[in-house]
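Each chain gets a letter, A, B and so on, in the order the sequences are listed, and its residues count up from 1. This is a predicted model, so every value here is computed, not measured. All values below were derived from every heavy atom in this structure, side-chain atoms included, with hydrogens, water molecules and symmetry-related copies excluded.
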Amino acid sequence: MEEQSARSLNFIEEIIEEDIRNGVNESRVHTRFPPEPNGYLHIGHAKSICLNFGLGKKYNGKTNLRFDDTNPVKEDVEYVDSIMEDVRWLGFDWEDRLFYASDYFEQLYAYAVILIRKEKAYVCDMTAEEMSETRGAPTRPGKESPYRSRSVEENIDLFARMRAGEFPDGSRVLRAKIDMASPNMHMRDPVLYRILHAHHHRTGDQWCIYPMYDFAHGQSDSIERITHSICTLEFEVHRPLYDWFIREIGLYVPRQIEFARLNVTYTVMSKRKLLELVQQGYVNGWDDPRMPTICGLRRRGFTPESIRNFAETIGVAKRDNVIDVSLLEFCIREDLNRRTNRLMAVLNPVRVVIDNYPDELVEEMESVNNPEDESKGKRKMPFSKSLLIERDDFMEDPPNKFFRLAPGREVRLKSAYIIKCESVVKNPETGEITEIHCTYDPQTKSGMPESNRKVKGTLHWVSEKQAVKAEIRLYDRLFTRENPDDIEEGKTYKDYLNPDSLKVITGMIEPAVLTPGNFDKYQFERTGYFSVDKDSTPQNLVFNRVVPLKDSWAKAK
RNA sequence: UGACCCAUGGUGUAAAGGUAGCACGAGUGAUUUUGGUUCACUCGGUCUAGGUUCGAAUCCUGGUGGGUCAACCA
């Protein structure tokens with residue numbers, strides 16, 4: 001069965017397997033997912049989560065969750081909590097390996113002192129502006145800081161006093177002493193520590209100096225004995241620095257591997273932009289179903305399985321990529337198709353009156369919940385003289401290939417009778433059709449011996465009197481441009497926001513949904529997959545459309 | 001105009017020097033109590049120019065195109 005996995009490794013797996021063969025780091029595999037708690041996780045993080053935890057599992061290794069919380073002014077426990085919830089929801093377990101970079105502040109301080117003693121780090125008094133000016137440019141070398149040659153003793157003393165809070169923010173930094181002429185900007189005496197009198201969400205006011213990403217990340221990996229530190233491509237130029245710290249301090253050696261981050265058409269992925277959409281009210285919060293956040297997708301009705309399968313399907317490589325949203329839609333359709341119950345729901349109703357049906361009779365019609373899965377059982381739906389069908393399912397003057405209801409034509413009502421349209425009633429002023437009068441054939445009730453007569457179409461319907469009103473939220477892509485980050489002159493990504501990304505309508509639902517034991521996601525016949533919104537109550541049913549069904553008739557039109 | 005990274009159908013991703021495959025997509029047909037689902041078939045690709053080799057998507061060189069890097073962010 002699994003024969004094909006024998007030799008179809010992605011480039012990261014090849015590196016890992018080679019390391020295993022060579023006995024690198026005792027041939028262990030230990031990965032980590034290291035988010036900064038400064039925002040909510042999105043589908044791009046899901047790729048990283050699936051990758052890191054997936055690799056840990058595949059190679060019988062472990063995966064840590066580590067919060068990269070070295071910048072207190074941007075971080076908050078709100079984000080810590082949401083990240084843990086999202087990772088768990090996706091189906092991954094860090095067991096007892098929950099860590100914070102802030103757990104290592106004392107250790108990192110000691111590492112910095114080691115570098116100072118080796119004359120590989122120094123306290124620099126330049127302002128941020130001066131530092132920026134003397135750093136040079138990629139094509140031009142920088143100039144060495146006048147503080148570069150401070151004595152070890154002076155550096156140790158100054159660094160201790162930085163920690164003790166003797167200096168104001170921004171007055172001094174600790175820098176590595178590497179090479180101001182390096183073609184790699186990150187090697188031009190990068191900042192290791194800065195002074196920041198800010199309250200940290202975990203360490204409180206214990207520290208007023210904070211390590212920079214470069215000084216914290218690799219060492220944290222090393223402390224946790226991470227073997228493979230997988231990150232996105234923009235950190236590729238940081239790798240020489242990552243390795244430099246590990247080597248100079250003399251630490252356990254993890255290997256950093258970079259992959260291309262995920263991009264999806266018709267959406268933005270940067271935390272900054274997503275934050276703007278929330279803060280400026282373009283969407284209703286991080287979990288707005290239009291957002292590409294994990295919590296947004298969850299609220300929309302995506303399943304963890306579908307997202308994991310998506311991550312598996314897109315693969316991993318180093319070239320820039322833009323995944324078409326249709327692939328994400330495929331993944332959720334594929335999953336929901338076999339797990340959701342079918343539900344009759346009429347989104348844009350028009351009345352159908354069965355003239356030859358008894359006035360007061362209400363029959364119970366039986367329908368399978370999921371034709372793909374018999375074990376999902378059956379349900380009963382009331383049927384009566386006055387029904388509602390989809391307005392689109394009737395045409396007074398239809399083209400040839402219209403398979404639905406039209407004057408003189410027959411259709412089957414799903415799980416009920418075959419009906420024939422006899423006449424229509426219109427509003428004399430507007431010309432709008434208000435009633436469609438039909439007759440039914442009593443011999444064609446679903447399940448009866450003579451019910452197998454072929455008719456061109458089958459329609460969904462609800463019984464007018466028993467149907468339940470529901471608020472239906474139809475979501476469309478948030479942006480009108482395939483790549484909202486590809487901005488035309490004089491515009492911003494916000495100019496590509498889709499004003500019609502949310503449409504709220506009132507639909508009529510079969511009453512079965514109110515009975516207990518139903519699933520929280522449904523396939524509405526022909527219209528799409530829907531989930532019950534978290535704000536829904538029995539008095540006010542609210543459905544979110546996860547994704548429309550494919551509709552080849554719509555295309556033909 | 002520096003360093004580093006990348007280049008396979010429309011979109012992704014495989015092929016460890018030896019048949020360019022898979023998925024989405026698009027198209028055609030069959031089945032169908034929804035035109036969905038399911039099934040079958042089809043479409044379509046190695047950026048370019050040289051070189052090495054019996055043989056190159058794969059190795060080498062040049063070009064072209066794209067990306068990353070000049071935060072006391074991560």
Side-chain angles (χ1 to χ4, degrees), chain A residues 4 7-10 14 34-36 38 68-71 73-75 124 126-128 131-133 135-142 169-175 182-188 190-196 209-210 212-214 216-217 231-240 258 260 265 271 312-324 326-331 333-334 337-338 342 367-368 371-372 390 393 401-404 411-416 418 444 446-447 451-452 454-460 523 525-528 549-556:
Chain A
Q4 103 145 10
R7 191 91 256 160
S8 185
L9 302 177
N10 66 48
E14 279 187 12
E36 182 188 15
N38 68 344
D68 219 337
D69 55 350
T70 56
N71 185 7
V73 300
K74 284 191 175 176
E75 298 154 8
C124 180
M126 286 199 291
T127 65
M131 227 185 285
S132 172
E133 283 160 20
R135 186 159 23 236
T139 53
R140 173 164 48 81
D169 289 1
S171 57
R172 290 188 159 94
V173 294
L174 184 72
R175 299 177 75 177
S182 170
N184 184 340
M185 297 297 289
H186 297 279
M187 301 300 273
R188 321 247 264 224
V191 172
L192 272 41
Y193 269 91
R194 56 182 166 151
I195 301 172
L196 194 62
I209 57 172
Y210 290 94
M212 305 299 293
Y213 164 85
D214 284 307
H217 200 94
C231 62
T232 48
L233 234 35
E234 64 266 30
F235 293 103
E236 201 159 30
V237 283
H238 293 241
R239 179 152 31 100
E258 309 86 8
T265 55
K271 271 188 196 171
E312 180 69 29
T313 305
I314 59 177
V316 55
K318 290 187 80 166
R319 75 187 81 130
D320 291 329
N321 62 87
V322 186
I323 307 289
D324 201 304
S326 64
L327 182 59
L328 187 57
E329 292 170 350
F330 165 79
C331 289
R333 278 198 198 99
E334 182 187 45
N337 176 49
R338 53 183 170 74
R342 305 314 191 244
S367 193
V368 294
E372 320 287 325
E390 214 67 69
D393 284 348
K401 294 181 72 176
F402 186 73
F403 299 160
R404 308 178 194 178
V411 294
R412 169 172 295 282
L413 295 176
K414 166 90 174 172
S415 303
I418 291 175
T444 58
S446 200
S451 70
N452 283 333
K454 299 283 179 215
V455 285
K456 53 203 160 213
T458 303
L459 304 186
H460 52 280
Q523 184 191 119
E525 295 288 352
R526 205 192 288 116
T527 53
L549 247 37
K550 286 189 188 172
D551 184 358
S552 46
W553 164 245
K555 273 183 211 160

TODO: Kindly say if A/K454 contacts the phosphate of B/rU33, meaning a side-chain N or O under 4.0 Å from OP1 or OP2.
DONE: yes
Task: Atom-pair distance (CG on A/N10; C1' on B/rU8), nearest Å - done: 17 Å
Polar pairs (N or O, both sides) under 3.5 Å between protein and nucleotides 37-40 of chain B?
unit_1	atom_1	unit_2	atom_2	d
B/rU37	O2'	A/N337	ND2	3.4
B/rU37	O2'	A/E372	OE1	3.0
B/rU37	O2'	A/E372	OE2	2.9

What are the atom names and distances for every N/O pair under 3.5 Å that joins the protein to nucleotides 64-68 of chain B?
unit_1	atom_1	unit_2	atom_2	d
B/rG67	O4'	A/D320	OD2	3.2

Task: Phosphate OP1/OP2 of B/rC22 contacted by A/S8 side-chain N/O (<4.0 Å) - done: no
- [ ] Using the C1' atoms only, state how far B/rU32 lies from B/rG36, rounded to an integer number of Å.
- [x] 9 Å
- [ ] Using the test ring pair (Phe, Tyr, Trp, His ring centres under 6.0 Å), find all partners of A/F402 that sit at least two apart in sequence or belong to another chain.
- [x] A/W553
Task: Ionic contact status for A/E258 with A/R239, cut-off 4.0 Å - done: yes
TODO: Counting Watson-Crick and G-U wobble pairs whose two distances are both under 3.5 Å, find the runs of 3 or more in a row that involve RNA chain B.
DONE: B:2-7 with B:64-69, B:10-13 with B:21-24, B:25-30 with B:38-43, B:47-51 with B:59-63
- [ ] Ignoring backbone atoms, establish whether A/S552 has a side-chain N or O less than 4.0 Å from OP1 or OP2 of B/rG36.
- [x] yes
Open item on the list: Checking A/R526 now: which residues fulfil salt bridge (charged side-chain N to carboxylate O under 4.0 Å, His left out) with it, not counting sequence neighbours?
Closed with: A/D393
Open item on the list: Please tell me if A/R319 has a side-chain N or O lying less than 4.0 Å from either OP1 or OP2 of B/rU13.
Closed with: yes
TODO: Apply salt bridge (charged side-chain N to carboxylate O under 4.0 Å, His left out) to A/R172 and list each qualifying residue two or more places apart in sequence or on a separate chain.
DONE: A/D125
